[in-house]
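In what follows, a structure is listed as structure tokens, so that the remarks can point back to it.
First listed ligand is number 1; within each ligand, the first listed atom is number 1. As a basis for the values below, the full set of heavy atoms in this structure was taken, side chains included, without hydrogen atoms, waters or symmetry mates.
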Amino acid sequence: MGYRETYEAWRADPEGFWMEAARGLDWDRFPTRALTGEAPVHRWFADGTLNTCHECVDRHVAAGKGDRPAIVHDSPVTGTKRTLTYGELRDATARLAGALRRHGVLSGDRVVIYMPMIPEAVVAMLACARIGAVHSVVFGGFAANELAVRLDDCAPKAVIAASCGIEPGRVVEYGPLLQDALELAAHAPEFCVVLQRTEAESRLQPGRDVDWHDFQDGAEPAGCVSVPGDHPAYILYTSGTTGRPKGVVRTAGGHLVALRWTMQNVYGVRPGDVFWTASDVGWVVGHSYIVYGPLANGNTTVLYEGKPVGTPDAAAFWRVIEEHRVGVLFTAPTAFRAIKRADPGGALVDRHDLSSLRALFLAGERADPDTVDWAKAKLGVPVIDHWWQTETGWAIAANPLGLGLEDVPTGSPGRAMPGYEVAVLDEGGAPVPAGALGSIAVRLPLPPGTLAGLWNGGERFEKTYLSAFPGFYATGDAGTTDEDGNLFVMARTDDVINVAGHRLSTGAMEEVLAGHPDVAECAVIGVADELKGQLPLGLLCLNDGAARPPEDVAAECVARIRAEIGPVAAFRTAVVVDRLPKTRSGKILRGTMAAIADGREWRMPATIDDPAILDEIAVALHGRRRPRTGDRRPEGAS
Ligand SMILES: CCC(=O)SCCNC(=O)CCNC(=O)[C@H](O)C(C)(C)COP(=O)(O)OP(=O)(O)OC[C@H]1O[C@@H](n2cnc3c(N)ncnc32)[C@H](O)[C@@H]1OP(=O)(O)O
């Protein structure tokens, strides 16, 4: 069946469609119903029982595939490579799971995992799943404060950490970051398991920390604990509009049913194929397509601890594809922009045998046509943009390779996938005609594998996602569709910006800047960047009488964001201005400032309080006043 027939089959019988997909898993008890629960909160496969680790690992071993490579760790930053077969992965997860259980970690307990791109991170995730514990992986590029916020929200019984991550040119010591986070957090986990890496060992705190190997010494391997289909599999935090991130909860049954379906139908990979997602286990892409999707489908997954350029050069991706015979590569457009900038003519591509590669998938941020066209020309395989979110866990819109590619124009991430009825709505919630801009929403119920709620979310879940358009999930993105149903995603409708495929909240950055003693008021905007898509830029108004040089305050503000949110925010520019432009009701005009910063055309907002301030902003950003559309008086002014 092609895309259209498959989508129509889902529309005709959504529950039957997903029940059929559920047959691809082993289940301890097959569910009798796909969807239950009261609108707007639905539950998938709630009366089935299964175990995530069994579905991803043990069942492949039981089927005689124990010698098949499950994980290929390729780490140019350490100069090492290592392969774990499914059999070895089963033994490693059973051992760690047994040790966790011996130390009192039970089904439903939370475990925070703070590890870089090493096989032990995957082992830790699967070991939690094996005993029904709920993991929450925290990305290594966050600062201690971000880790602390997550510790307080999910209140883990244990933390599993590595002693360090390795970034090009520097070792990121996790020990001090973890120590600071534990001091900042109100919640104290019972113990921390620390994997010591030779590049930087952590000082273990007696009574709290235990070495990874000692922890597992003599532990009885644990079997797989059967859990209900709607048991939480993991919590993954994503930026909120305030400093408090949202803990997206994914449930076990729907998660694997949906991911396995996408591996075969969206990504077009069969068991045994080599699948490489060049991202990080700390992001949803890493959860879904480095770990759970490929393993549930019996693939070999590549765990790459390196960068697209600089480890050692812009041929790194081609080397990995050639060496490990990668069939499908999935990464963020930023990675390709970096490679293209370093090797515009693609000379390095030609030096490698990329004959195993069948397709490149892009997601995480807008895929600009230049980059897509460059990748198509250099790789000679389909380059497929697709669109999804931490909340959904898998593609809302795509061009499904496994079903046969549709004719999707460059610039569109494709069409709605089965499970998603996508609508573009006006402010009143009415659908807009094809071609018109509106808020992108998905009719409820959301499909299996999407967020089941927010951890400790209470009303926040409904308020954030379900209240804007009753009966729909609001994606927070604005866009359009064309007559053929191709979606075009244009901009966020909230304060989230996308920096190198990382979703960041400008509101959270403003909270940090406002904490500087000399800052009276501030705004953070996302400005266009050729490499990272967007970069944050801070505008600061200082307190009356602040005696310190403005450039010192600006530099301290840059350092503050790095220390409190982390290097991943890539916050490098803060500019001191006298005043911020506002509407007469006091709302800061961030959108207009972003347009000025980007050199885009802009209109004077009708409700602006003092138009002269925009000229001051333009001068502060560019050293001169910038032309605006019509270069005229405020709209609506007589
Ligand atoms: C579809 C659903 C989704 O959207 S899920 C999210 C999908 N997003 C992704 O997969 C992310 C894609 N981006 C990337 O993988 C990276 O940005 C790539 C393209 C590889 C570039 O990396 P890099 O050159 O390090 O730039 P960056 O902007 O990521 O980093 C900024 C600063 O943060 C640091 N950083 C990065 N990762 C870590 C880490 N794991 N641990 C510690 N620090 C980290 C970088 O070193 C960099 O630091 P510095 O400012 O240069 O000192």
Side-chain angles (χ1 to χ4, degrees), residues 76-77 114-118 121 137-144 146-147 161-162 164-174 177 200 236-239 248 262 266 276-290 293 304-311 314 316-317 329-342 361-367 371 385-398 413 450-451 475-477 489 492 496-504 529 531-536 558-559 561-563 565-572:
V77 293
Y114 189 46
M115 293 181 127
M117 289 287 286
I118 52 177
V137 181
V138 179
F139 175 64
F142 284 127
E146 292 290 319
L147 177 56
C164 66
I166 298 147
E167 287 295 291
R170 74 192 157 100
V171 173
V172 181
E173 291 198 38
Y174 286 9
L177 285 165
L236 182 61
Y237 288 87
T238 187
S239 299
V248 166
T262 61
V266 176
W276 177 23
T277 298
S279 178
D280 191 286
V281 287
W283 306 120
V284 69
V285 164
H287 281 59
S288 294
Y289 294 111
I290 295 174
Y304 175 68
E305 193 182 13
K307 303 279 175 180
V309 297
T311 57
F317 275 26
L329 168 62
F330 175 177
T331 192
T334 306
F336 265 73
R337 284 197 292 269
I339 295 169
K340 174 170 156 257
R341 188 160 82 166
F361 281 83
L362 299 173
E365 59 181 318
R366 182 176 168 268
T371 304
D385 185 14
H386 61 326
W387 175 63
W388 48 293
Q389 307 181 315
T390 303
E391 288 85 347
T392 65
W394 60 282
I396 301 171
T450 54
L451 81 169
T475 64
D477 282 281
V489 183
R492 289 293 298 180
V496 167
I497 58 171
N498 197 311
V499 180
H502 307 129
R503 211 168 105 173
L504 299 164
D529 181 73
L531 182 65
K532 300 200 181 203
Q534 283 186 297
L535 279 176
V558 169
I561 298 261
R562 194 173 172 96
I565 294 180
V568 71
F571 184 90
R572 297 214 171 84

Atoms of ligand 1, numbered as shown, that sit under 4.0 Å from any heavy atom of V568: 33 (O)
Positive for side chain to side chain donor-acceptor pair (under 3.5 Å) with Y304, one of T331, T277, T311, D280: T311
Which atom of T475 lies closest to which atom of Q389, heavy atoms considered: O-NE2, 2.7 Å
Listed partners of P308 passing side-chain contact (heavy atoms from CB on, under 4.5 Å), at least two apart: F317, A335, I339
Ligand 1 atoms in contact with H502 (distance to a heavy atom under 4.0 Å): 11 (C), 13 (N), 17 (O), 29 (O)
Given R492, R503, R337, the one that forms salt bridge (Lys or Arg N to Asp or Glu O under 4.0 Å) with E365: R337
Heavy-atom pair of closest approach, residues L504 and A569: CD1-CA, 3.7 Å
Minimum heavy-atom distance P536-V499, with the two atoms named: CD-CG2, 3.9 Å
Spatial distance of atom OG1 (T450) from atom CD (E391) [nearest 0.5 Å]: 10.0 Å
Is_contact(atom 15 (O) of ligand 1), protein non-hydrogen, under 4.0 Å: no
Minimal non-hydrogen separation, L147 against L177, with atom names: CD2-O, 4.4 Å
Closest non-hydrogen atom pair between A395 and H386, with its separation: CB-CD2, 3.9 Å
N or O contact, E167 vs ligand 1, cut-off under 3.5 Å: yes
Part of P168 with heavy atoms under 4.0 Å of ligand 1, whether side chain, backbone, both or neither: neither
Sub-4.0 Å heavy-atom approach of G165 to ligand 1: no
Is_contact(atom 42 (C) of ligand 1), protein non-hydrogen, under 4.0 Å: yes
Check: G501 N/O within less than 3.5 Å of ligand 1 N/O: yes
Mode of A332 contact toward ligand 1 - side chain, backbone, both, neither (heavy atoms, under 4.0 Å): side chain
Exercise: identify the closest heavy-atom pair between V281 and V137: O-CG1, 3.8 Å
G141: numbered ligand 1 atoms lying under 4.0 Å from its heavy atoms: 38 (C), 39 (C), 40 (N), 41 (N), 42 (C), 43 (N), 44 (C)
Side chain, backbone, both or neither: F139 near ligand 1, heavy atoms under 4.0 Å: side chain
Ligand 1 contact by R170, heavy-atom criterion under 4.0 angstrom: yes
Point-to-point distance, once rounded to the nearest 0.5 Å, from CZ of R170 to SG of C164: 12.0 Å
Under 3.5 Å: N/O of K532 near N/O of ligand 1: yes
Shortest protein contact, atom 2 (C) of ligand 1 (heavy atom only): V284 CG1, 3.6 Å
Residue that, paired with H502, satisfies ring pair (Phe, Tyr, Trp, His ring centres under 6.0 Å) out of F142, F571, W283: W283
Protein heavy atom at shortest distance from atom 32 (C) of ligand 1: P567 O, 3.3 Å
Q389, any N or O under 3.5 Å of ligand 1 N or O: no
Atom 18 (C) of ligand 1 [closest protein heavy-atom partner, distance rounded to 0.1 Å]: P308 CD, 4.4 Å
Min N/O separation R562 to ligand 1 under 3.5 Å: yes
Beyond-backbone contact of V489 with R366, side-chain heavy atoms, under 4.5 angstrom: no
Proximal atoms of ligand 1 relative to A500 (non-hydrogen, under 4.0 Å): 11 (C), 12 (C), 13 (N), 17 (O), 28 (O)
Qualifying residue for side chain to side chain donor-acceptor pair (under 3.5 Å) with T262, from Y289, W388, W394: Y289
Residue portion contacting ligand 1 (non-hydrogen atoms closer than 4.0 Å) for R503: neither
Donor-acceptor contact below 3.5 Å, side chain Q534 vs main chain N498: yes
Numbered atoms and elements of ligand 1 in range of G140, under 4.0 angstrom, heavy atoms: 39 (C), 41 (N), 42 (C)
Residue, atom name and distance, where the atom is the protein heavy atom closest to atom 4 (O) of ligand 1: G364 CA, 3.3 Å
Ligand-residue contact atoms, ligand 1 with K307, heavy atoms, under 4.0 Å: 22 (O), 23 (P), 25 (O), 36 (C), 37 (N)
Within reach of ligand 1, part of R572 (heavy-atom separation under 4.0 Å): side chain
Heteroatom proximity flag, S279 to ligand 1, N/O under 3.5 Å: yes
